[in-house]
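Here's the structure we're looking at; comments come further down.
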Amino acid sequence: MVKGRGYFTDSTAEELMRGYAFAASANNYELHFGNGDKISGAFIISSYERMGDYSLQERFSIELLSCSNVSFTIAW
């Protein structure tokens, strides 16, 4: 399981993530970390929350469950 949170900066991104969450569909994601590491694979959004806006950006939190092999790439 991977947990994440962030800000939506446009309605297109929010609509896409909401659609994936409500459909419980498996989709490919590539998650990038601040140090350059990366996780990629197919995940299902198991939890999706939206919160009030901050400076015209809406906050969200998600939990992703892997549904296939996940690859982890270390930044060099």
Side-chain angles (χ1 to χ4, degrees):
M1 176 181 0
V2 177
K3 295 181 180 183
R5 63 181 177 201
Y7 294 94
F8 289 120
T9 56
D10 62 58
S11 60
T12 303
E14 189 279 326
E15 290 171 5
L16 185 63
M17 187 175 293
R18 179 173 21 104
Y20 289 164
F22 290 165
S25 60
N27 297 283
N28 290 320
Y29 294 90
E30 190 170 270
L31 309 169
H32 296 260
F33 297 90
N35 66 352
D37 291 350
K38 164 174 83 170
I39 294 175
S40 56
F43 294 87
I44 294 172
I45 299 175
S46 62
S47 174
Y48 170 70
E49 295 181 44
R50 293 169 49 185
M51 292 142 263
D53 67 70
Y54 171 77
S55 297
L56 302 177
Q57 295 178 331
E58 186 175 9
R59 295 181 299 156
F60 71 91
S61 68
I62 61 170
E63 290 183 6
L64 302 172
L65 292 177
S66 65
C67 55
S68 71
N69 291 332
V70 175
S71 67
F72 179 72
T73 305
I74 298 172
W76 298 104

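Position 1 is the first residue of the sequence; numbering continues from there.
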Do F60 and E14 come within less than 4.5 Å of each other through their side chains, counting heavy atoms only? no
Once you round to the nearest 0.5 Å, how far does CZ of F22 lie from OH of Y48? 7.0 Å
Is there a side-chain contact between R59 and R5, using heavy atoms and a 4.5 Å cut-off? no
Quick one: do M1 and Y29 end up in the same hydrophobic cluster if we chain Ile, Leu, Val, Met, Phe, Trp and Tyr together by side-chain heavy atoms under 4.5 Å apart? no
Kindly give the heavy-atom pair with the smallest separation between I44 and A26, and that separation in Å. CG1-CA, 4.0 Å
I'd like to check K3 versus S47 (side-chain heavy atoms, cut-off strictly below 4.5 Å). Are they in contact? no
To the nearest 0.5 Å, tell me how far S11 OG sits from L16 CG. 11.0 Å
Validation row: L64, L31 side chains within 4.5 angstrom (heavy atoms): yes
Between CZ on residue R50 and OG on residue S61, distance to nearest 0.5 Å: 12.0 Å
Heavy-atom closest pair, residues F43 and I39: CZ-CG2, 4.1 Å
How close do A75 and N35 get, counting heavy atoms only, and between which atoms? CB-O, 3.3 Å
Going from CE on M17 to CG on N27, what distance comes out if it is rounded to the nearest 0.5 angstrom? 10.5 Å
